[in-house]
Amino acid sequence: MNIENNVKTFETVTSETLIIGIQKHHEQMKNWSLFNEFFGEKIDVWLRNGEISTDAHKITKIPYTGVNSQLKRIIFVGLGERKNSTTDDLREVFAAIGKEMSVSKLSDIAIWVESFVTDQIDEVKSAFLAGEGLHLGNYTSPNYKTSSNETDVYFDAVQFVTTANIEEVVSNFEVGKIYADAVNEARSLINLPPNMLTATDLANYAVEVATKYDFEIEVLNKAQLEEIGMGGILAVNRGSVEEPRLITIKYQGTQNWENVIGLVGKGVTYDTGGYSLKPREGMIGMKGDMGGAAGVLGAMQIIGATRPKQNVIAVIGSTDNMVSGDAMKPDDVITMYNGKTVEVLNTDAEGRLVLADATTYAKQQGANVLIDVATLTGGVIVALGNDKTGALTNNEEFFAEFMEAANETGEFVWRLPLTENDKKRIRKSDVADLNNSPGRDGHMIFGGGFVGEFAEDTPWIHLDIAGTSDASAPHVLGPKGGTGVMVRTLATLVEKRANN
Ligand code: BES
Ligand code: MN
Ligand code: ZN
């Protein structure tokens, strides 16, 4: 991306498009540098004639002819009530512009940064939200249509008209772009058809990421998993002709390997349900059952680019969940990596088996706190809908720290309880230590709670993204399909811990 860092004034804009935020109480804008000099009463007239709107997210394009001969159009975006504008609002406003750029095939814009300032958000913070929101909204998912003859236009150049320190504006925009690019990587991974993303493919992708950002990486294959006795992931993989993979990435941000955040991702590349087969309608979309893995890998890309002073380990268990003459059956008893035995009551409750082994491995490799991320249960969708991530935890303090990060990124997370009675039901079996499916009543809690049995006393947060990982329709921050949820929150948590 071409970012010119010398454009401070309206006259020096060489882009054909200028972006301006316009608020209900636009008379405040008249105190701002650009307004009087170049627009004077013009905005008043446009507003009075209803040619531009101040409604939040509303976009209006106005052709421009005037003192700057390069400039061809102004894109106004409504900010609504400026006083109430939050970081979430501004991120969405910029995403709306990003979407408009992709629709109108604009690759090159100038932003009048001052017009996006609110009571709480200065020009520098606005620039971060611009970098993030514009690139989130600009994302389109690749498709495989042979008839498509449209050439994609990528957003690749930006200029800033700003009264703030231009270097700070540019660097904040760049960090915002790093965040969005990582989310978009996760989205594309989720959107890949399952015949194009096997566990082996996912591991190869992780190796590419590790090479790019100079991470230490280990990929264990089936023979190696058998050798160390990872009975959970192997049981899920039994019915498949594709090999499983356990992917471990280490980022060492401090001198010693201590105070390590462990990120554990569910990387089920396709979930048929196994012998507890899903109904045909319920199977569609199960290519996205690696959304947790995508979230963790996305966060690692932000960490790789921003290099926080914080140690992080990512562990991803990857396999598909298939049927064959050899597949795991209900009634099977399996032995997990940590030695605990599990009675399999439902082969469709496979994610917890994969996560449990990955969690044990993360602990062994030195994780002092754990966050697992998974498209784990339909139950979370019943409980919270498609726009909230469900959480469980065994540690109030760690959860409060996590929620600060989630509030900053605007990713909605809601905690559900995990009681002693719930744990009793997970531990109830005549033949084994645990069972993998205690019932359908409140079953989000049983899914996450099962993983908690393997986190043991280590501070742990479970994030069930079954509702939030895949959007069934376009939304403010992006199109239908993979959302890349939790990428930004996980990276923000790591960054916050590094700065504390
Ligand atoms: N991958 C599914 C959960 C899921 C459902 C993700 C819908 C995305 C959208 C998971 O492996 C699963 O099958 N869960 C079962 C658990 C049940 C058998 C206890 C479920 O939610 O029905
Ligand atoms: Mn399943
Ligand atoms: Zn699944």
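The model shown is predicted, which means the values in this text are computed figures rather than measured ones. Note that ligands are numbered from 1 as they come in the structure, with each ligand's atoms numbered from 1 the same way.
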Got more than 12 heavy atoms from elsewhere within 6.0 Å of CG, Asn368?
yes
Under 4.0 Å from a heavy atom of Ser437: which atoms of ligand 1 are those, numbered in the order shown and with their elements?
19 (C)
Considering only N, O or S atoms, which atom of Asp271 is nearest to the Zn ion (ligand 3)?
OD2
To the nearest 10°, how many degrees is the angle Glu350 OE1 to the Mn ion (ligand 2) to Asp348 OD1?
120°
Sub-4.0 Å atoms of ligand 1 with respect to non-hydrogen atoms of Glu350
11 (O)
Where on Asp348 is there a heavy atom closer than 4.0 Å to ligand 1, on the side chain, on the backbone, on both, or on neither?
both
Write out the residue and atom name of the closest protein heavy atom to atom 8 (C) of ligand 1, then the distance separating them to 0.1 Å.
Met286 CE, 3.7 Å
Students should be able to answer this: which protein heavy-atom is nearest to atom 20 (C) of ligand 1, and at what distance?
His443 NE2, 3.5 Å
What is the closest protein heavy atom to atom 2 (C) of ligand 1, and at what distance does it sit?
Asp271 OD2, 3.6 Å
Could you tell me, atom by atom, which parts of ligand 1 come under 4.0 Å of a heavy atom of Thr377?
3 (C), 21 (O)
Does atom CG of Asp457 have more than 12 heavy-atom neighbours from other groups under 6.0 Å away?
no
Mind checking whether Leu376 contacts ligand 1 via backbone (N, CA, C, O), side chain (CB onward), both or neither, at a 4.0 Å heavy-atom cut-off?
backbone
From the candidates Thr272, Asp289, Val268, the one that places a heavy atom nearest atom 1 (N) of ligand 1
Asp289
The Zn ion (ligand 3) - closest N/O/S atom in Asp289:
OD2
Report the distance from atom OG of Ser126 to atom CD1 of Ile121, rounding to the nearest 0.5 Å.
6.0 Å
Numbered in order shown, the ligand 1 atoms found under 4.0 Å of a heavy atom of Lys266 are 1 (N), 10 (C), 11 (O)
Identify, by atom number and element, the atoms of ligand 1 in contact range of Asn346, meaning under 4.0 Å from any of its heavy atoms.
18 (C)
Students should be able to answer this: which protein heavy-atom is nearest to atom 21 (O) of ligand 1, and at what distance?
Gly378 N, 2.6 Å
Considering just N/O/S atoms, say which atom of Glu350 is closest to the Zn ion (ligand 3).
OE2
With a cut-off of 2.8 Å, does Asp271 place any N/O/S atom under that distance from the Mn ion (ligand 2)?
yes
Would you indicate whether Lys388, at its atom NZ, is surrounded by more than 12 heavy atoms from other residues, nucleotides or ligands within a distance under 6.0 Å?
yes
Does a sphere of radius 6.0 Å around CH2 in Trp414 hold more than 12 heavy atoms from other residues, nucleotides or ligands, not counting ones at 6.0 Å or beyond?
no
Which atoms of ligand 1 sit under 4.0 Å from any heavy atom of Ala466?
6 (C), 8 (C)
Checking heavy atoms under 4.0 Å, the part of Met444 that sits near ligand 1 is neither
Kindly confirm whether the Zn ion (ligand 3) is within less than 2.8 Å of some N/O/S atom in Gly351?
no
Is it the case that the ring center of Phe116 lies less than 6.0 angstrom away from the ring center of Phe94?
yes
Can you tell me if Arg497 has over 12 outside heavy atoms packed within less than 6.0 Å of its CZ?
yes
Tell me whether the count of non-hydrogen atoms from other residues, nucleotides or ligands lying under 6.0 Å of CD in Glu227 goes above 12.
no
What is the minimum heavy-atom distance between Phe450 and Met336, and which atoms define it?
CE2-CE, 4.4 Å
In terms of residue, atom name and distance, what is the protein heavy atom nearest to atom 22 (O) of ligand 1?
Arg440 NH2, 3.2 Å
For Ile228 and Leu220, work out which heavy atoms get closest and say how close.
CD1-CD1, 3.8 Å
Is it the case that the ring center of Phe454 lies less than 6.0 angstrom away from the ring center of Tyr337?
no
Atom indices of ligand 1, in the order listed, that fall short of 4.0 Å to a heavy atom of Arg352
16 (C), 19 (C)
